[in-house]
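Reviewing the structure listed below.
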Amino acid sequence: MSEAQESQCSQRRKSVDALQLGPRKRPSATDPLVHYGRHFGRTIHALCNFQALLTNGILRMGELAEIPEENFTAEERREHHIFQELLKSVAGLEERLMQGGDDEVDAVAELFTKGASGARGDDTKSLKGSVLDWITPKGQSLVPPLAHNVKIDRGFHHEQTGALLCPAGLDWSNAETKTKLRNGEIIVTRDQWPLFLYADYHYDPEDPWNGLLRSALLSQAYKHVFTSPSSVDKEPKATRSGNARIHGMTRVTLPSIAYIATQVRFSLTSSPVFSRTDMVTDSERFYNSILEVFEDPDEKQEVDDLVVWWNRQIFPSYSSAQRPLVKNSALARIREKRARMKEPGSVPDGSSGSM
């Protein structure tokens, strides 16, 4: 070996020692917008096109800013409301979008999409097995058994999942109905909501709001995703570092209820992949059909009652926070006095009102 070769080998030995750990690689930081996108998809809108949402939103704030609100369609107004919710969720986003060019908008849309689709995929994977545990009667087994990681035998093919997916108003115990659901003679449309949405899986055709979206299965899935999987079978603690706490979430959102219902429905079906274009599970239309009811002004009272029910199920501090002030308490007296001072023609204390 020549002197030059020896020097080269010596240098290599000094620079890389195979029996010592090499320098630790610095982890690549995930862009915060991916983090926000995950929460946005779960709580504001799960299946929106971020590219179109941002592009149309910027147009409304710029070129179309002078057009009266009533000139836009109901769908356009709804879309812009979601865009505004997105702006509120991320500090500095509006400025970033308005000052950046098309490339910046594309980059932001891609990051939000990555976050929302990533969260949806994680939840789909996580719920696939857990849902089976929740629908299995305690101390018993499903007959026939269902695999946690394979879905082909679920849906209307299985007695348990079929009963839960059976549209409210149809009788799963009727052999003819069951056969037609299994062979596709009865096509389930988006407005034929499944029985698992109802408390105790009981549907009252005379009062279709009774128990709607209040089933134990939905509550378990919501806790699994938003507070933590370990909180499903026990009272959630306020200190638990679940998705809700990480994002400062102290109240349910209506879209988050629709999101969980959509995820549970998909978990019960035999479809292997969550796809917005899957016409069999039709997840996107199902999700939107629930949002439509939530946004219907005629349903406001029932929807408000539903939100109260959900908040009491998920957030331990909600009930105490909603208690009315005790009459004659110091805080009640302070607010009462402040209200009197705001009344027209009121005279501040200590002043006679005359010269």
Is there side-chain contact between S126 and H224, with heavy atoms separated by less than 4.5 Å? yes

side-chain hydrogen bond (donor to acceptor under 3.5 Å, both in side chains) partners of E69, counting only residues at least two apart: R60

Who are the ring pair (Phe, Tyr, Trp, His ring centres under 6.0 Å) partners of F50, not counting sequence neighbours? F40, F112

Can you find a heavy atom in the side chain of I152 that is under 4.5 Å from one in the side chain of H157? no

Does any part of the side chain of W134, heavy atoms only, come nearer than 4.5 Å to the side chain of V232, both counted from C-beta? yes

By the definition side chain to side chain donor-acceptor pair (under 3.5 Å), identify the one residue from T43, D123, T253 that meets it with Y259. D123

Heavy-atom side-chain proximity of L181 to P167 below 4.5 angstrom: yes

May I ask you to decide if the ring planes of Y222 and W310 are parallel, tilted or perpendicular, using 30° and 60° as cut-offs? tilted

Residue D200 excluded, over 12 heavy atoms near CG under 6.0 Å: no

All side-chain hydrogen bond (donor to acceptor under 3.5 Å, both in side chains) counterparts of D133, not counting sequence neighbours: H148

Side-chain donor/acceptor pairs under 3.5 Å, residues 188-195, sequence neighbours excluded:
| residue | atom | partner | partner atom | Å |
| --- | --- | --- | --- | --- |
| T189 | OG1 | D191 | OD1 | 2.5 |
| T189 | OG1 | Q192 | OE1 | 3.4 |
| R190 | NH1 | E292 | OE2 | 3.2 |
| Q192 | OE1 | T189 | N | 3.0 |
| W193 | NE1 | R190 | O | 3.2 |
| W193 | NE1 | S289 | OG | 3.0 |

Check E110 with K114, please: is the shortest side-chain N to carboxylate O separation under 4.0 Å? no

Stepwise ring pair (Phe, Tyr, Trp, His ring centres under 6.0 Å) test for H45 and F83: CA-CA 10 Å; H45 202 286; F83 172 72; over 10 Å; no

Looking at D171, I'd like to know if its CG atom is crowded, meaning that more than 12 non-hydrogen atoms belonging to other residues, nucleotides or ligands lie closer than 6.0 Å. yes

Taking the side chain as everything from C-beta on, heavy atoms only, tell me whether R78 gets closer than 4.5 Å to F72. no

Set of residues satisfying ring pair (Phe, Tyr, Trp, His ring centres under 6.0 Å) with respect to F196, sequence neighbours excluded: none

Please collect all salt bridge (Lys or Arg N to Asp or Glu O under 4.0 Å) contacts where either partner lies in residues 152-170, sequence neighbours excluded, each pair once. E159-K178, E159-R182

